[in-house]
Amino acid sequence: MQQPVNEPTFRQSVDVMFNRAVALMDLPPGLEQKIRVCNATYTVRFGVRLRGKIETFTGYRSVHSEHMEPVKGGIRFALSVNQDEVEALAALMTYKCALVEAPFGGSKGGLCVNPRDYDDHEMELITRRFAYELIKRDLIHPAQNVPAPDMGTGEREMAWIADQYQRMNTTDINGRACVTGKPLNNGGIHGRVEATGRGVQYALREFFRESADMEAAGMKGSLDGKRVIVQGLGNVGYHAAKFLSEDDGALITGIIEHDGALYSDTGLDVEAVRAWILGHGGVKDYPDASHTAEGAKVLEHDCDILIPAALEGVINLENAERIKAPLIIEAANGPITAGADEVLNAKGTVIIPDMYANAGGVTVSYFEWVKNLSHIRFGRMQRRQEEARHELIVRELERLDRHLGDAWSMTPNFKQKYLRGADELELVRSGLDDTMRIAYQSMREVWHGRSDVSDLRTAAYLVAIDRVASSYRAKGL
Ligand code: NAD
């Protein structure tokens with residue numbers, strides 16, 4: 001998406017938003033600058049022999065803040081990757097981790113490559129070589145720098161990276177914790193693949209629990225029947241759309257992809273569209289909805305909730321005024337430029353900011369990292385013990401049931417549901433839900449509690465920067 005030329009870059013946009021928040025804080029001299037700047041960015045150019053010739057690739061790993069270690073942040077594979085973008089994303093990771101209380105500093109990586117141009121074997125060679133370059137400089141390391149998936153990467157790439165690290169560090173017992181988002185049979189955790197989309201769902205549910213927040217967006221009721229437009233039906237967008245439609249009754253009226261957009265007033269079948277994309281490479285020619293080649297125009301359609309879940313800068317000074325959605329939840333990183341943010345705030349649009357909205361991924365990555373370091377699956381020790389204690393209560397209730405007859409009886413399925421101890425997936429969901437609720441409340445408290453704060457993004461920055469600042473102060477910096 002082409003941004004208007006007079007707009008700041010992604011990194012400058014993050015800085016503008018950061019500056020807006022620190023202007024409302026009373027930080028010790030110099031600390032503001034220390035927090036804002038990116039500590040280091042490593043650029044690597046390496047060659048891989050492919051199809052009989054050596055191809056040179058450019059990659060980055062940026063470390064924004066090491067106030068906590070390891071630092072954490074995804075690795076993106078896309079042709080558009082550049083240093084500015086990686087640094088902006090690394091900064092967002094610092095604030096995101098602070099906001100959801102994941103004990104990490106912020107980092108991000110990227111490789112300029114279009115994964116669609118290469119077959120599986122070639123992608124493995126490229127990924128392993130990039131990983132090798134980062135591992136040998138400790139830019140991938142369980143105690144120092146732990147990547148995760150981002151645009152263009154997923155479980156497969158994370159498995160290659162973990163294996164590459166373990167080959168180079170054969171005696172590191174914590175080797176698997178060098179990266180998160182791995183497949184389950186390779187040190188991964190239940191619920192990581194869908195974690196970011198699930199987090200978007202939990203964030204919206206928390207928003208809809210607060211009537212004052214709904215009122216701020218001129219909305220009422222629940223998620224049921226709300227019309228949602230999603231941009232990007234990749235990992236994050238697909239899971240968010242799927243969960244919101246299946247569990248909460250939301251209507252997905254628009255899906256915008258790289259080759260245009262689908263629209264249906266009565267709601268799109270998310271699974272069917274996803275299957276079509278996987279089979280045909282895009283949404284074009286999907287039979288059960290109208291298609292428009294100018295996908296980005298659908299961002300401006302009438303809807304209740306807009307979920308940009310693809311790229312940065314898609315809502316900018318050029319189209320912000322025409323965006324009709326009263327509520328935008330930034331599932332992608334940086335989809336709204338600093339200028340568009342001001343336009344939308346002035347219009348009264350409520351924006352649930354990226355720093356919070358897509359933090360489900362890093363939250364469950366944190367759980368995976370802890371699981372890898374503890375070398376045991378969550379729930380393994382307590383599940384059966386929990387079931388045994390529940391069994392005790394159920395037996396007692398059954399005794400009362402027999403004794404009191406019709407006057408008292410258990411609901412059907414109660415026994416079956418109550419007796420089952422939580423497995424790893426349930427624990428992960430519970431931990432994610434808890435995290436998203438607590439983080440929302442911490443932002444909301446500032447949003448409603450301070451007369452000089454009128455939007456959730458500024459509130460989120462205030463909470464996050466304050467935590468990072470406390471961490472630096474505690475260290476004596
Ligand atoms: P992905 O590669 O799985 O999906 C991106 C989707 O966007 C793809 O379906 C792609 O076809 C589509 N797309 C590309 N160009 C488009 C365009 N011009 N218009 C509309 N759609 C377009 O990536 P993802 O992992 O879902 O990441 C999406 C966003 O979410 C990124 O901003 C990423 O940084 C952010 N994010 C991802 C995670 C995660 O866990 N994967 C976590 C936090 C934030």
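Numbers here are sequence positions counted from 1. Indexing begins at 1, ligand by ligand and atom by atom, following the structure's order.
- Judged by the shortest distance from any of its heavy atoms, Met93 lies outside the 4.0 Å radius around the atoms of ligand 1.
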Task: salt bridge (Lys or Arg N to Asp or Glu O under 4.0 Å) between Asp354 and Arg457, worked out - done: CA-CA 8 Å; Asp354 47 6; Arg457 190 190 312 279; 3.6 Å; yes
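- When atom types are taken as modelled, the side chain of Glu424 and the backbone of Arg377 share no donor-acceptor pair closer than 3.5 angstrom.
- The closest donor-acceptor contact from the side chain of Lys347 to the backbone of Ile323 lies under 3.5 Å.
- Taking the charged nitrogens against the carboxylate oxygens, Glu300 and Lys297 do have a contact shorter than 4.0 Å, which makes a salt bridge.
- Within the 4.0 Å heavy-atom cutoff, Arg76 counts among the residues contacting ligand 1.
- For the pair Val236 and ligand 1, the shortest N or O to N or O distance falls below 3.5 Å.
- Considering backbone and side-chain N/O of Thr196, one or more are found under 3.5 Å from N/O of ligand 1.
- Under 4.0 angstrom from ligand 1, the non-hydrogen atoms of Leu311 all belong to its side chain.
- Considering both main-chain and side-chain atoms, Glu312 never comes within under 3.5 Å of ligand 1 through any nitrogen or oxygen pair.
- Between Glu85 and ligand 1 there is no heavy-atom distance shorter than 4.0 Å.
- Of the possible polar contacts, one joining the Trp276 side chain to the Lys284 backbone as a donor-acceptor pair under 3.5 Å is found.
- If you look at Arg116 next to ligand 1, the close heavy atoms, those under 4.0 Å, all belong to the side chain.
- Backbone and side-chain nitrogen or oxygen atoms of Lys108 are examined, and none is located within less than 3.5 angstrom of a nitrogen or oxygen of ligand 1.
- Of the N and O atoms on the side chains of Gln441 and Glu206, at least one donor lies less than 3.5 Å from an acceptor on the other residue.
- Within the 3.5 Å criterion, the main-chain N or O of Pro147 finds a donor-acceptor partner in the side chain of Lys72.
- Under the 4.0 Å criterion applied to side-chain N and carboxylate O atoms, Arg205 and Asp433 are not assigned as salt-bridge partners.
- For a threshold of 3.5 Å applied to N or O pairs, the pair formed by Lys96 and ligand 1 contains no separation below that value.
- Proximity of Gly152 to ligand 1 is established by a heavy-atom distance of less than 4.0 Å.
- Comparing His258, His239, Glu257 by heavy-atom distance to atom 12 (C) of ligand 1, the nearest is Glu257.
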